[in-house]
Amino acid sequence: PSDVAEYALRLGDDALVLAQRLGWWIARAPEIEEDIALANIALDELGHARSFLSYAGSAWGKNEDDLAYFRDEPEWRSAHIFELPNGDFAHTIVRQFAVSHFQCELYARLAASADETLAAIAAKAVKEVDYHRDHSVHWLLRLALGTEESERRTRIALDDVWPYVDELFRDDALIDALPHVAVRPSELRPSFDAAVSSVLAEAGLESSTRFTARGGGRDGIHSEHLGTLLAEMQVLARQHPGLSW
Amino acid sequence: PSDVAEYALRLGDDALVLAQRLGWWIARAPEIEEDIALANIALDELGHARSFLSYAGSAWGKNEDDLAYFRDEPEWRSAHIFELPNGDFAHTIVRQFAVSHFQCELYARLAASADETLAAIAAKAVKEVDYHRDHSVHWLLRLALGTEESERRTRIALDDVWPYVDELFRDDALIDALPHVAVRPSELRPSFDAAVSSVLAEAGLESSTRFTARGGGRDGIHSEHLGTLLAEMQVLARQHPGLSW
Amino acid sequence: ADGRTRFEELIAADDRVEPSDWMPEAYRKTLVRQISQHAHSEVIGMQPEANWIGRAPSLKRKAILMAKVQDEAGHGLYLYSAAQTLGTDRDTMFEQLIAGSAKYSSIFNYLTPTWADMGSIGWLVDGAAICNQVPLCRASYGPYGRAMVRICKEESFHQRQGFEILLSLMAGTPEQRAMAQESVNRWYWPALMMFGPPDDESPNSQQSMAWNIKRLSNDGLRQRFIDMLVPQAEVLGVTLPDPDLRWNEERGHYDHGPLDWDEFHEVLAGRGQANAQRLERRRQAHEDGAWVREAARAYAERMAARREERFEKVAS
Amino acid sequence: ADGRTRFEELIAADDRVEPSDWMPEAYRKTLVRQISQHAHSEVIGMQPEANWIGRAPSLKRKAILMAKVQDEAGHGLYLYSAAQTLGTDRDTMFEQLIAGSAKYSSIFNYLTPTWADMGSIGWLVDGAAICNQVPLCRASYGPYGRAMVRICKEESFHQRQGFEILLSLMAGTPEQRAMAQESVNRWYWPALMMFGPPDDESPNSQQSMAWNIKRLSNDGLRQRFIDMLVPQAEVLGVTLPDPDLRWNEERGHYDHGPLDWDEFHEVLAGRGQANAQRLERRRQAHEDGAWVREAARAYAERMAARREERFEKVAS
């Protein structure tokens, strides 16, 4: 049960960190329609995070806010790609393009998990991340095939984000300990690659393999970006611990 | 004595907030020489902040770190202009241009304060902010008279920063309570205006008077930027209160 | 029938005027000004609350706040669409906003230093907005009235959420209660001023009322708002910062102290807390997004051209 | 005298070669590669520490850290200047760095998740750097040797500061001690690898030693470093994470366990913790600063032209 909770924590942390990042865009997007679209995605991810964290917390007598606000950096389990700064709109879109393809594949399989709670959360979430995927694909094409400037920015963003993709697909002891419950990340890779490369081809882009970031988020080793993200996210709750809001 | 401490707190908070902002540039400046120059300015301001805060704290049995790390936003006394985000390099330079002219005029007079500690800190600091002023003047000219793009950015930065200048020159009850000790801000305005407008004229720029931000930093009412600045600056110290580092 | 006659008949019958109907130039101008100001207010009004999305103290509150700011973006869109039916496009309105030649509600030039401000904005600012907007649902211009119907539904939800934030704080520690009271103290008077200057100093109101755009006077709306607030403040346990506030049996309304109209005009003149910041942030977002909008446009043109090519091939 | 003869005489006499002296192309190339790598390392090496400037837990530590990162920028400048005397300009070297065709020390591809890493970097990374660099003060190429003299002075100061950070932590709470130990565990082995591969796998070392650029072998330097660390670790009270570490009476040195050279090569091949991030950040700063550098250039040209005009007027 604690293994299941650990697994739910990973999924919840990925989603929460992403929601926190995307929330920054609200009132800063390139057009109002995008304020709305990015808020939608952020809200969906936040919703998934709350479900996963509540479930994880139930194994430890904690609630979603205990986990979101009162864990220090090494206790987080997010993969580095979720922690990446927003950068310009191209970076945000490329990151979204990668993670929503990943989450789509993941949740689609997790919906058949032997753990009923995880299966139920995933079944609901997969429809939403499917929309996130569409949204990012459309923008990726627009940006890559739009103007010279947008193409240039998209290529840079792809170079910057892609080194962090690999971490998403690594198996480890926790996965081994949860047959039929957890989805084996390595098994998602082929369909991820197929889906992603067909879009990249249509966009006239190629992903670089020059760097592969080592990651380590699942073991509590985080990028240098998570610390300041948590500082902001947790500041008020930690100023007044134990209160209701 | 508590009034003097309150006054020292203002000066210290201005300098510390600015140092925190400028510190961000180190390893991100447009050229290595500027990494060094901005670090110099940040270090000077940090040094002044430490002197002022130590002095302020001595009245209340607190040290510089108690004041820097364990005050909440409403207890800060910085003026809003110091809290402004770095923006692009032009914004950083225009902000620096304004505040270092202000600090120069201020410290030059404060060096003759009836309070010996304040006088001594100011006498030392004035030489340093004099260099900051030169640095910002040189860059302002370079940017304003450089390329079309740099001129455009400088004009925008001037529009964005100038509304916050007014707050620096407001007198209040604390100033009234400290004759011969505090410098009367309103008295600095004429020489500030003279110095600044001659540079702006040389740069072919004009400051806009369309907006005047209300400020309120001296009374603990802060811009919307201070909260996240403090969240980052204080996070580690607050995670482990009462420790030595 | 003649356009003017028909227009006058519609107004007289309290019916809707539609985009295809003839209308006086002054009516059109008044509407464009009012609707675009209203749209700008929604868009600028996102900022003071977006300021706390990253720091909301619970995940539930974060979700509610995100959704609320998102709703405001949606309201902005409805309203820009309504204004566009009058022949002014969104880009033009946006340029006017950024250039500072268009106005937005002064209330958004105040700052949100504390979390309690998320409560006060919902309770007081959205509360005042609703009082203003409910009568606008019956505005004579169809697209405007219909936009207001959608908006009002969501606003009343927002007001309740703001009320709940304050309620939670007031049920909390002394520190939380103080945070709530301090915030209400700051927002109360500016919220009252959202209804605009007193009736005898509101020159355009008369004509707007004749055209069935405006239904109630500024002072009348303000009175209605105050009458609504007092019992709610009692439920919350907060004090409204007006020593002159008391029930007037005779009038059947609450009497209130004088408003500080100098303050109102100061903010209007660009000397509020955040005028510069609000516009700066909007301009920055607009400029940073320029390359994205250009890319989207270029892509759309390319796709349109491709479709046309395909069509020609099929047709030939 | 013939250039080559003179060069060989200088090397044989262990004298300095200066920029104006003739030198073999391979010597020049080796130096440019080594000095520019060294310069890049200083510049990239600013990042892992700059990560904590904003969050340093006391103002004193913040000041020391800022000054340290600033020193690294200064070292970068000295070294780029030294490299420039060999005929390669800084822009070119910068472009190579950003394009990824120039290397920098792999150690900076590790992350700094905790404050204790500011201690470990000072103590272990700067410590290793000093061991590497002290012999370079006698490097045959004059500008390089002289740059190293200035750098070494500051580095030893940095090492002491790092040591002090760890000392404070080890004198603190159990939590702080754990933080220090955990950080030392992460940095110890990578720091040992800073001296490069074992001597029998270091093909260029021989030639560099013949030219009096390199003075000591990789393994020799590594041994010297370990011998220095062990007593310091005892003072700190931290454990060095090598179970095989023990004094060898016979050799008069500490024996140590095997290094994980696969790890070294992984990082070198771009699969470390932060390779992508370090280069991304440098590229971003360079691109964001392009308009500033252009402005400075344009302004300088304008001023030069103005001076010339003035001169012509005076002269005519």
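Chain letters run A, B, ... following the sequence lines, proteins first, then strands; residues in each count from 1. Keep in mind that this is a model prediction, so the values were computed, not measured.
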Can you say whether A/Leu226 sits under 4.5 Å from chain D via the side chain, the backbone, both, or neither, judging by heavy atoms?
neither

Considering only heavy atoms, which portion of A/Thr209 lies under 4.5 Å from any heavy atom of chain D: side chain, backbone, both, or neither?
neither

D/Gln273 versus A/Ala213, closest heavy-atom pair with distance:
O-CB, 4.2 Å

Interchain contact, D/Ala274 with chain A, by part (heavy-atom threshold 4.5 Å):
neither

Nearest 0.5 Å, what's the CZ-CZ distance between A/Arg214 and D/Arg271?
9.5 Å

If I take atom CD from residue D/Glu280 and atom CZ from residue A/Phe211, how far apart are they, to the nearest 0.5 angstrom?
11.0 Å

Part of A/Glu224 within contact of chain D (heavy atom distance under 4.5 Å):
both

Are more than 12 heavy atoms, taken from residues, nucleotides or ligands other than D/Phe157, located less than 6.0 Å from that residue's CZ atom?
no

Using heavy-atom distances under 4.5 Å, tell me whether D/Arg55 contacts chain A through its side chain, its backbone, both, or neither.
side chain

What part of D/Glu287 lies closer than 4.5 angstrom to a heavy atom of chain A: side chain, backbone, both or neither?
side chain

Give, as side chain, backbone, both or neither, the part of D/Asn275 having an atom under 4.5 angstrom from any heavy atom of chain A.
both

Can you tell me how far apart CD (D/Glu175) and CG (A/Asp72) are? Round to the nearest 0.5 Å.
7.5 Å

